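Order of the sequence lines sets the chain letters (A, B, ...), proteins ahead of strands, with each chain counted from 1. These numbers were taken from a predicted model, which means no experiment stands behind them.
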Amino acid sequence: MRLYNTLSRRMEELPPPPGPVRMYFCGPTVYQRAHIGNARPFIVGMWLRSWLRARGYDATLVHNITDVNDKIYDAAPGKSAELAARATDWYLEDTGDLGLGMPDALPRATESIPSIVRFIEQLVATGHAYAVEGDVYFRVASDPGYGRLSRQRPDQVEEQEPNPLKEDPRDFALWKANKPGEDTSWDSPWGRGRPGWHIECSAMAEDAFGPVFEIHGGGLDLVFPHHENELAQSLALGHDFARIWTHNGMLGGMDGEKMSKSLGNDVSLRNVLDTWGREVVLLFFFGAHWRKPVEFGDDVLEQAQAQLEGFRNVFRSPSERVGDWAELEAALDDDFNTPEALAVLHGWRDHELLRRAFAIFGLESLADLEEAPTDLAELAARRRDARDSKNFAEADRLRDEIAAAGWEVRDVADPPGFQLVPRP
RNA sequence: GGCGCCUUGGCCGAGUGGUUAGGCAUGGGUCUGCAAAACCCAGUACACCGGUUCGACUCCGGUAGGCGCCUCCA
């Protein structure tokens with residue numbers, strides 16, 4: 001099994017099973033309903049864990065939730081804690097409805113404050129950080145290798161709003177003093193305040209796994225500064241950190257102009273799930289390589305839906321011994337190439353094999369065939385009789401009636417009879 | 001200004017220095033009372049301009065267009 005590593009810019013082989021493979025994937029900041037783009041790292045992480053387990057690995061996934069930061073303060077002045085709690089529940093509910101199960105742990109930043117504070121204390125003690133007026137900043141100049149992950153040149157990084165408290169504009173906050181209007185804060189050696197974003201992940205990852213783990217994932221937009229800074233913090237303490245960094249590509253097509261017709265301007269995961277169903281969402285993501293950007297829209301969703309129907313039809317026909325598990329392994333073991341795997345699955349006709357593969361990706365429901373309501377089955381039987389007696393006008397009328405109820409009659413030749421199938 | 005990525009047939013989307021990706025849609029056919037499903041056949045793609053090479057969609061350079069990030073966006 002090999003994966004592309006952002007840090008080394010090349011493919012890297014995972015240790016042989018059982019590993020372990022410990023994965024930490026950055027989760028959302030909870031201040032609103034998660035959008036469809038937020039679903040990608042969750043899905044990639046869950047699928048990867050699932051595939052690794054199928055390959056005999058001892059794989060675990062930790063997915064954090066950032067439940068304290070400026071966005072949350074801004075979204076709910078004075079009531080940010082309530083919003084964060086509610087939005088966390090939304091996230092768990094919406095990702096849960098993907099039907100992939102849940103990560104092994106979902107640590108919250110607000111529940112990890114002691115570890116975060118300890119981490120910062122060590123950085124201060126070793127000279128990698130400094131406290132100023134209740135803030136604590138990481139001293140980027142203390143890390144000669146800074147920029148190793150993102151390949152940013154520190155001297156070229158654009159300066160944001162100047163902050164006179166910083167020694168160097170590149171320095172970033174580890175701890176921020178409590179400000180008026182911020183309703184969540186904790187005691188610390190530097191006074192009341194709250195943690196910076198990057199240190200949360202360093203602390204939570206170490207809490208979960210210790211200083212070394214195999215894979216750190218997240219959206220491509222997190223490479224800089226978030227992951228660059230996490231890495232700097234951990235290396236500063238002489239710790240190793242993630243061996244392989246995986247960054248999923250972003251979703252396009254979610255902005256004004258090309259807004260999805262079916263979803264209006266609401267591209268929340270909730271709305272997409274309610275409108276298209278979980279299988280469509282999953283197959284949409286399955287069809288694109290995790291590292292590549294992908295356009296989101298009605299057209300691709302429709303295509304995913306059509307493909308699902310094709311797979312269901314395979315289960316509606318007799319199983320044939322066509323398919324080879326090794327083909328799936330070859331595709332997925334090579335940088336987790338799900339579109340290649342999809343092509344493989346399209347060639348399979350063996351129900352047992354397909355079911356086994358789909359189960360890994362939360363799509364085992366494709367094998368479930370819906371039973372038609374008895375009244376429709378009755379109509380279909382009457383149509384069969386009419387047809388057998390060459391009363392085709394009546395047979396067609398009954399077929400239309402069944403169609404109006406949302407089902408489709410398919411005549412089957414081999415064991416002579418018919419099949420009732422819900423229309424997609 | 002800096003770092004990095006992308007551009008494949010109507011659409012989505014893999015991949016490789018020389019062989020059919022796959023899917024969706026479309027047209028034709030087989031099957032069917034007619035359909036549906038299934039199966040068969042058809043399309044022969046790789047932004048543009050140079051270069052390297054016996055040979056490039058695949059490597060190198062440039063151009064155009066698109067995208068991400070540049071201190072709290074997955």
Side-chain angles (χ1 to χ4, degrees), chain A residues 6 9 25-29 31 34-45 63 66 68-72 137-138 140 147 149-161 163 166 169-173 176 195-201 217-226 228-229 247-252 283-284 287-289 291-295 297 299-307 309-314 316-317 331 334 337-347 349 387-388 390-393 395-396 399 403 408-414 418-419 421 423:
Chain A
T6 308
R9 311 273 153 154
F25 272 56
C26 282
T29 296
Y31 64 102
H35 60 75
I36 184 70
N38 288 304
R40 179 116 95 148
F42 180 90
I43 293 172
V44 169
H63 194 233
T66 297
V68 53
N69 81 5
D70 286 335
K71 279 203 161 190
I72 309 173
Y137 295 97
F138 185 86
V140 169
L149 179 67
S150 65
R151 316 249 162 141
Q152 289 285 333
R153 307 219 323 263
D155 54 306
Q156 289 291 348
V157 168
E158 225 171 55
E159 192 172 343
Q160 297 302 106
E161 45 202 282
N163 179 344
K166 293 182 182 178
R170 301 169 301 170
D171 294 348
F172 54 90
K176 300 177 105 169
W197 182 31
H198 319 302
I199 195 72
E200 298 169 8
C201 282
L220 193 57
D221 55 338
L222 297 183
V223 175
F224 190 88
H226 186 51
E228 188 72 62
N229 291 349
H247 289 102
N248 61 267
M250 312 301 280
L251 247 60
L283 203 72
F284 161 71
H289 189 102
R291 278 196 285 121
K292 293 247 177 130
V294 56
E295 285 293 307
D299 45 354
V300 288
L301 259 51
E302 274 162 24
Q303 292 183 18
Q305 192 171 54
Q307 288 195 63
E309 205 45 32
F311 282 120
R312 287 200 180 91
N313 282 332
V314 174
R316 288 171 181 138
S317 322
D334 183 16
N337 192 334
T338 56
E340 186 68 40
L342 183 59
V344 167
L345 295 179
H346 272 294
R349 292 289 108 89
R387 186 168 162 264
D388 286 347
K390 305 267 192 268
N391 186 353
F392 297 124
D396 289 349
R399 181 165 63 194
E408 182 180 291
V409 185
R410 293 178 184 171
D411 292 329
V412 180
D414 197 352
F418 62 85
Q419 202 172 46
V421 172
R423 291 144 64 94

Rounded to the nearest angstrom, tell me the gap between atom [atom1] in [X] and atom [atom2] in [N].
X	N	atom1	atom2	result
A:Glu302	B:U26	CD	P	12 Å
A:Asn69	B:U71	CG	P	15 Å
A:Trp197	B:C69	CH2	C1'	11 Å
A:His198	B:C70	NE2	P	10 Å
A:Lys390	B:C34	NZ	P	11 Å
A:Leu222	B:U71	CG	P	14 Å

Where each residue is assigned the nucleotide of RNA chain B containing its nearest heavy atom, which of A:Val223 and A:Gly218 is assigned the position nearer the 5′ end? A:Val223

Let me spell it out: for each of A:Gly37 and A:Ala306, pick the nucleotide of RNA chain B with the closest heavy atom. Which residue's pick is nearer the 5' end?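 Its nearest nucleotide lies further toward 5', so the answer is A:Ala306.
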
Under 4.0 angstrom between A:Thr29 side-chain N/O and B:A74 OP1 or OP2: yes

I want to check one thing: is the phosphate of B:G2, taken as OP1 and OP2, less than 4.0 Å away from some side-chain N or O of A:Arg170?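 Checking A:Arg170 against B:G2: no side-chain N or O falls below 4.0 Å of OP1 or OP2.
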
Taking the [atom1] atom in each of [N] and [M], what is the distance between them to the nearest angstrom?
N	M	atom1	value
B:G23	B:G1	P	45 Å
B:C5	B:C41	P	40 Å
B:U8	B:U52	C1'	23 Å
B:G9	B:A45	P	10 Å
B:C39	B:C73	P	48 Å
B:G18	B:A37	C1'	40 Å
B:C6	B:A14	P	11 Å
B:U26	B:C11	P	15 Å

Measuring from the side chain of [X] (C-beta onward, heavy atoms only), which nucleotide among [options] has the closest atom?
X	options	result
A:Asp396	B:A74, B:C69, B:C34	B:C34
A:Lys176	B:C72, B:A74, B:G23	B:C72
A:Arg387	B:G33, B:G22, B:A74	B:G33
A:Glu408	B:A36, B:C70, B:G33	B:A36
A:Phe172	B:U71, B:A74, B:G33	B:U71
A:Asn313	B:A38, B:C73, B:U71	B:A38
A:Arg410	B:U71, B:G68, B:A37	B:A37

Opposite nucleotide pairing with [N], Watson-Crick or G-U, both atom distances under 3.5 Å:
N	answer
B:U19	none
B:A56	none
B:C34	none
B:A14	none
B:G61	B:C49
B:C72	none
B:G27	B:C41
B:C5	B:G66

Please classify the nucleic acid contact of [X] as base, sugar-phosphate, or nothing, using heavy-atom distances under 4.0 Å.
X	value
A:Lys71	sugar-phosphate
A:Arg312	nothing
A:Thr66	nothing
A:Leu251	base
A:Gly217	nothing
A:Ala173	base
A:Ser317	nothing
A:Arg9	sugar-phosphate

Hey, does [Y] have a side-chain heavy atom less than 4.5 Å from the side chain of [X]?
X	Y	result
A:Arg387	A:Val409	no
A:Cys26	A:Cys201	yes
A:Asn248	A:Phe25	no
A:Val314	A:Arg349	yes
A:Leu342	A:Phe311	yes
A:Phe42	A:Arg40	no

Between A:Glu309 and A:Arg423, does at least one N-O distance fall below 4.0 Å, as a salt bridge requires? no

N/O donor-acceptor pair, side chain A:Asp411 with base B:A37, under 3.5 angstrom: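 Between B:A37 and A:Asp411, which were checked side chain against base, a qualifying N/O pair under 3.5 Å is absent.
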
Report yes if a donor N or O on one partner sits less than 3.5 Å from an acceptor N or O on the other, where the partners are the side chain of A:Arg399 and the base of B:A35; otherwise report no.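 By the distance-only test, yes, there is a pair.
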
Report, as a single string ordered 5' to 3', how protein heavy atoms within less than 4.0 Å touch nucleotides 9-16 of chain B: B base, S sugar-phosphate only, - not at all. --BSSSS-

Quick check on side-chain contact (heavy atoms from CB on, under 4.5 Å): which of A:Asn229, A:Val223, A:Leu222 does A:Ser150 satisfy it with? A:Val223

Pick from A:Gln303, A:Gln307, A:Gln305: which one makes a side-chain contact (heavy atoms from CB on, under 4.5 Å) with A:Leu283? A:Gln307

Aromatic plane relationship, A:Phe172 with A:Phe138 - under 30° parallel, 30 to 60° tilted, over 60° perpendicular: parallel

